[in-house]
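Computed from a predicted model, the values in this text were never measured in an experiment.
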Amino acid sequence: METSMNAEQFTRSPEYDSGSGPRFPEPLIIGRTPALKSAPGPLPTARYTGPDTVLDGADLPGLTIRAASIRGDYHRYDGLPRQDALGIRPLSESRVLVCVADGLGSRELSHLGAEAACRTAFEVFPPDFSEGSDFREDAKAYFSDISEGVIRCAERTGVAPEQLATTLTVAVIDISPDQPARRCRVMRVGDSTAMQLHKGFWSPCFLQDNEQTVTSSATRALPMDAQRVNVAATTLYPGDMLLLCTDGLAKPMVGRAVSDQLATWWSAAAPPSLPEFHWQLSFRAKTHDDDRTAVCVWGA
């Protein structure tokens with residue numbers, strides 16, 4: 001495995017140009033060299049195609065957020081659209097909602113479903129959403145409303161709803177500045193997931209990730225499986241990081257080399273800048289060429 005690089009090392013690398021400033025090196029290769037090149041490739045021809053890459057972030061009271069959705073090497077090589085989506089939006093002065101979605105690869109227009117699910121997740125979030133004993137039931141009702149948004153998108157597009165099938169993972173996080181520990185409520189349908197990084201060690205938010213393989217829930221998707229919602233609650237302490245990601249990141253993280261490298265980068269004293277976060281998420285690993293999407297939320 002190649003060694004990690006930080007921002008200071010960039011300026012000492014051969015790619016550094018003293019006339020124009022530091023230049024990011026090629027994405028880090030972890031393990032064996034992939035067969036496909038990491039290059040934009042041909043433009044997708046599918047309907048309503050989005051951009052190759054989305055980069056977003058925010059600095060909030062007590063929270064730092066970095067997010068990116070990157071088209072995988074296979075989709076770039078074959079001229080296919082990025083089927084992942086993400087979203088970050090405040091719900092109020094005291095809560096923020098983040099989400100990731102992954103359109104099913106077997107459905108030609110599932111990228112529309114992923115975008116619709118993330119957009120609708122913000123639009124229909126109920127102001128009286130429970131954080132107590134009714135959490136699971138409220139999550140089912142909430143995901144049913146999101147599914148209706150995906151169905152409406154399918155109707156406008158003129159296709160059957162299952163053609164927009166997508167996973168979805170949503171987290172609602174406290175941002176009250178007077179509370180050092182941030183409450184997080186996490187919900188999902190499908191195999192996109194959530195993990196917490198604490199003192200350099202990863203732990204899954206969902207018990208199912210300890211009990212089943214990543215592929216066992218791959219067929220669960222919106223709008224068909226709105227009632228099959230997994231829920232989890234966790235606390236984000238100062239220095240901790242909550243990660244929401246699609247399986248394009250979750251699968252390579254099963255390998256120790258990838259999970260250790262990400263833990264090293266994302267346990268640093270300060271969260272990465274937006275360009276550095278994009279570079280980190282663009283790492284390459286043999287056989288892992290799917291779209292890759294992550295939203296990282298650091299507590300301060």
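- Side chain to side chain, Gln196 and Thr234 meet the donor-acceptor criterion of an N or O pair below 3.5 Å.
- The shortest distance between side-chain heavy atoms of Thr193 and Met253 does not fall below 4.5 Å.
- By the 4.0 Å N-to-carboxylate-O rule, Lys140 lies close enough to Glu137 to be salt-bridged with it.
- Screening Arg185, Arg95, Arg183, Arg182 for a salt bridge (Lys or Arg N to Asp or Glu O under 4.0 Å) with Asp174, the sole residue that qualifies is Arg183.
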Inset, instruction - For the pair Ile70 and Asp291, evaluate side-chain contact (heavy atoms from CB on, under 4.5 Å) and give the outcome as yes or no after the intermediate values. - result: CA-CA 6 Å; Ile70 301 170; Asp291 298 340; over 6 Å; no
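- Side-chain atoms of Ser192 and Thr167 include a donor-acceptor pair closer than 3.5 Å.
- A 6.0 Å sphere centred on NZ of Lys37 holds no more than 12 heavy atoms belonging to other residues, nucleotides or ligands.
- A distance of 4.5 Å separates CZ in Arg71 from CG in Asp52, rounded to the nearest 0.5 Å.
- At least one side-chain heavy atom of Arg220 sits under 4.5 Å from a side-chain heavy atom of Asp225.
- Note that the CG atom of Asp73 and the NE2 atom of His75 stand 11.0 Å from one another [nearest 0.5 Å].
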Inset, instruction - Could you walk me through whether Arg82 and Ser69 pass side chain to side chain donor-acceptor pair (under 3.5 Å), step by step? - result: CA-CA 8 Å; Arg82 175 176 50 85; Ser69 183; 3.0 Å; yes
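- Linking Ile, Leu, Val, Met, Phe, Trp and Tyr residues whenever their side-chain heavy atoms come within less than 4.5 Å leaves Tyr237 and Met241 in two separate clusters.
- Arg66 and Asp59 are joined by a salt bridge, as a carboxylate oxygen and a charged side-chain nitrogen come within less than 4.0 angstrom of each other.
- Using a 4.5 Å heavy-atom cutoff, the side chains of Leu249 and Leu262 are in contact.
- Note on Leu60: it clusters hydrophobically with Leu242, by side-chain heavy-atom contacts below 4.5 Å among ILVMFWY residues.
- Counting only heavy atoms from C-beta outward, the side chains of Pro34 and Ile29 approach each other to under 4.5 Å.
- The closest side-chain donor-acceptor pair between Ser144 and Gln227 falls under 3.5 angstrom.
- For the pair Leu109/Thr157, a side-chain contact is recorded, criterion being any heavy-atom separation below 4.5 Å from C-beta on.
- Rounding to the nearest 0.5 angstrom, the gap separating the CD atom in Glu115 from the CG atom in Leu86 is 8.0 Å.
- Between atom CG of residue Leu112 and atom CZ of residue Arg107 there is a gap of 14.0 Å, rounded to the nearest 0.5 Å.
- Counting only distance, with no hydrogens or angles, the side chain of Ser259 and the backbone of Arg256 share a donor-acceptor pair below 3.5 Å.
- Put simply, Ile151 and Leu222 are part of two different groups of oily side chains (I, L, V, M, F, W, Y) that touch within less than 4.5 Å, one to the next.
- Taking CG from Asp247 and CG from Asp191, the interatomic distance works out to 4.5 Å, rounded to the nearest 0.5 Å.
- For the pair Arg188 and Phe206, the cation sits on the ring face: its NZ or CZ lies under 6.0 Å from the ring centre, inside 45° of the axis.
- Between Val170 and Val186 there is no side-chain heavy-atom pair separated by less than 4.5 Å.
- Taking hydrophobic clusters as Ile, Leu, Val, Met, Phe, Trp and Tyr residues chained together by side-chain heavy-atom distances below 4.5 Å, Val124 does not share a cluster with Val150.
- Residues Pro272 and Trp298 are in side-chain contact: their nearest non-hydrogen atoms beyond the backbone lie under 4.5 Å apart.
- Within a 6.0 Å radius of OH in Tyr77, other residues, nucleotides and ligands contribute 12 heavy atoms or fewer.
- Between Phe277 and Trp266, a ring centre-to-centre spacing shorter than 6.0 Å is recorded.
- At least one side-chain heavy atom of Leu63 sits less than 4.5 Å from a side-chain heavy atom of Leu236.
- For the residue pair Asp84 / Thr293, a side-chain donor-acceptor distance below 3.5 Å is found, with atom types taken as modelled.
- The hydrophobic clustering, which links ILVMFWY residues whose side-chain heavy atoms are closer than 4.5 Å, places Leu168 and Leu164 apart.
- Applying the 6.0 Å contact sphere to CD of Glu108 captures no more than 12 heavy atoms from other residues, nucleotides or ligands.
- Atoms OH and CG, on Tyr74 and Leu80 in that order, are 6.0 Å from each other to the nearest 0.5 Å.
- Every ring pair (Phe, Tyr, Trp, His ring centres under 6.0 Å) that Phe125 has, sequence neighbours left out, goes to Phe129, Tyr142.
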